[in-house]
Amino acid sequence: MAIDDSQQPAPRRSKVLEVLARAERKMFTRPAPKSAKAQMKFLLTRTKDSARALAEHVGTSARTIERYRAGKPKTPQKRLQAALVEATESEWQPQVRAQARERAATSTGMMVDVKARFGFTCKGRSDDGRERTNTTAISPIYAKQILELQEAGATEENLHPIVAQAITESYFTELGTRAAGLETTLTDVQSIEFRF
């Protein structure tokens, strides 16, 4: 039986990328617009008042954008509401977001709280992976690498090794003072949280 491509589930965004975006949003100094009309007004300023460009961005028609701009409908459908919230928050306070990223990449680093399966290899011996919950500070060097991968559109598979290296250096090897040569793999991420 052939599989119809139109019925395939949409690809999910990377869990790590979603968590990084959420951490950036916590840095906002003012709340983002909440109502559909205010969100449309804000997003229209970002698209230079082009209803067509905004419609393509959020996946609806230009006519729908015009109706919301006029304030006729009050509550959008769930799919459109989710697209508006995502688009608004991704465009909101870009300078605050850039400053937080710059601080993390150059001086403060980030905190990471992860619950996942960690596997270890050290000098030819392997230890079975086991689930751990770990909270540790990531150095600015690794924070910079993670943020650069995020900007480049990295996948979950690209981000896991860097996060594992960062946790290994800061927690398991204590910045190189013990467990020399320890390598860590990170799989089955159940939860992850970043803080700037």
Side-chain angles (χ1 to χ4, degrees), residues 10-33 42 46 57 82 85-196:
R12 290 192 55 220
R13 238 179 111 187
S14 166
K15 184 184 286 190
V16 176
L17 293 175
E18 287 177 6
V19 169
L20 282 169
R22 205 170 41 237
E24 287 177 344
R25 291 175 184 153
K26 288 181 180 178
M27 300 302 297
F28 291 160
T29 57
R30 293 186 335 230
F42 169 73
R46 292 293 190 196
H57 185 65
V85 168
E86 177 65 28
T88 301
E89 289 184 349
S90 69
E91 294 285 331
W92 190 247
Q93 293 191 329
Q95 291 176 337
V96 171
R97 182 180 288 119
Q99 289 170 356
R101 294 171 69 87
E102 182 66 25
R103 265 193 319 274
T106 58
S107 61
T108 61
M110 294 188 293
M111 290 293 293
V112 63
D113 182 13
V114 63
K115 182 175 184 179
R117 180 168 296 280
F118 287 88
F120 306 97
T121 305
C122 186
K123 296 183 181 177
R125 296 186 58 210
S126 177
D127 190 6
D128 288 337
R130 62 180 185 205
E131 188 176 289
R132 288 178 177 254
T133 301
N134 192 318
T135 301
T136 189
I138 292 179
S139 73
I141 296 166
Y142 287 110
K144 182 178 181 180
Q145 290 177 4
I146 291 167
L147 294 171
E148 286 173 349
L149 283 172
Q150 177 193 23
E151 287 177 8
T155 64
E156 191 89 10
E157 292 78 29
N158 300 122
L159 290 164
H160 281 185
I162 300 298
V163 173
Q165 284 177 349
I167 293 170
T168 300
E169 181 184 293
S170 66
Y171 182 77
F172 294 113
T173 64
E174 293 179 358
L175 304 174
T177 60
R178 66 183 182 107
L182 180 70
E183 294 179 14
T184 306
T185 58
L186 182 70
T187 57
D188 301 331
V189 177
Q190 294 179 12
S191 68
I192 188 166
E193 199 67 40
F194 289 98
R195 291 185 301 277
F196 287 98

Handout entry: Closest approach of Ala143 to Ala104 (non-hydrogen atoms, all atoms of both residues)
Key = CB-O, 3.4 Å
Exercise for the section: Give a yes or no answer on whether the side chain of Trp92 reaches the backbone of Arg25 with a donor-acceptor pair at less than 3.5 Å. Expected result: no
Problem - Gln165 and Thr184 side chains, donor-acceptor separation under 3.5 Å - result: no
Problem - Any Arg195 side-chain heavy atom under 4.5 Å of Asp113 side chain - result: yes
Completion exercise
Rounding to 0.5 Å, atoms CD1 (Ile138) and CD1 (Ile162) come to a distance of 10.5 Å
Practice task
Using a strict 4.0 Å threshold on nitrogen-to-oxygen distance, state whether Glu89 and Lys26 make a salt bridge.
Solution key: no
Exercise for the section: State, with a plain yes or no, whether a side-chain heavy atom of His57 is found less than 4.5 Å away from one of Glu86. Expected result: no
Exercise for the section: Search all heavy atoms of Pro140 against all heavy atoms of Ser107 and return the closest pair with its distance. Expected result: CG-O, 3.5 Å
Problem - Whether Arg132 side chain and Phe118 backbone form a donor-acceptor pair below 3.5 Å - result: no
Practice task
Check each of Glu193, Met111, Lys115 against Thr135 using the side chain to side chain contact (heavy atoms under 4.5 Å, CB included) test, and report the only one that passes.
Solution key: Met111
Completion exercise
Output for pair (Thr106 OG1, Ile141 CD1), nearest 0.5 Å, gives 11.5 Å
Practice task
Check whether any side-chain N or O of Ser90 sits under 3.5 Å from a backbone N or O of Ala87 as a donor-acceptor pair, and report yes or no.
Solution key: yes
Fill in the blank from the handout: Output for pair (Leu149 CG, Lys144 NZ), nearest 0.5 Å, gives 12.0 Å
Handout entry: Close side-chain approach of Pro33 and Thr88, heavy atoms under 4.5 Å
Key = yes
Practice task
Output the distance between atom CZ (Phe196) and atom OG1 (Thr108), rounded to the nearest 0.5 Å.
Solution key: 8.5 Å
Problem - side chain to side chain contact (heavy atoms under 4.5 Å, CB included) between Glu24 and Gln150, worked out - result: CA-CA 12 Å; Glu24 287 177 344; Gln150 177 193 23; 3.8 Å; yes
Fill in the blank from the handout: In this structure, CD of Glu151 is separated from CG of Leu17 (nearest 0.5 Å) by 11.5 Å
Exercise for the section: Kindly check if the number of other-residue, nucleotide or ligand heavy atoms within 6.0 Å of CZ (Phe42) is above 12? Expected result: yes
Practice task
Kindly write out the residues that satisfy side chain to side chain contact (heavy atoms under 4.5 Å, CB included) with Ile192, not counting sequence neighbours, or none if the list is empty.
Solution key: Lys15, Val16, Val19, Val112, Val114, Val163, Val189, Phe194
Exercise for the section: Please determine, by modelled atom types, if Gln190 and Glu131 share a side-chain donor-acceptor pair under 3.5 angstrom. Expected result: yes
Problem - Atom pair CD/CZ of Glu148 and Arg101 - distance to nearest 0.5 Å - result: 9.5 Å
Practice task
Return yes if some donor-acceptor pair links the side-chain N/O of Glu91 with the main-chain N/O of Arg46 below 3.5 Å, else return no.
Solution key: no
Problem - Heavy-atom check, side chain of Arg97 versus side chain of Met27, under 4.5 Å - result: no
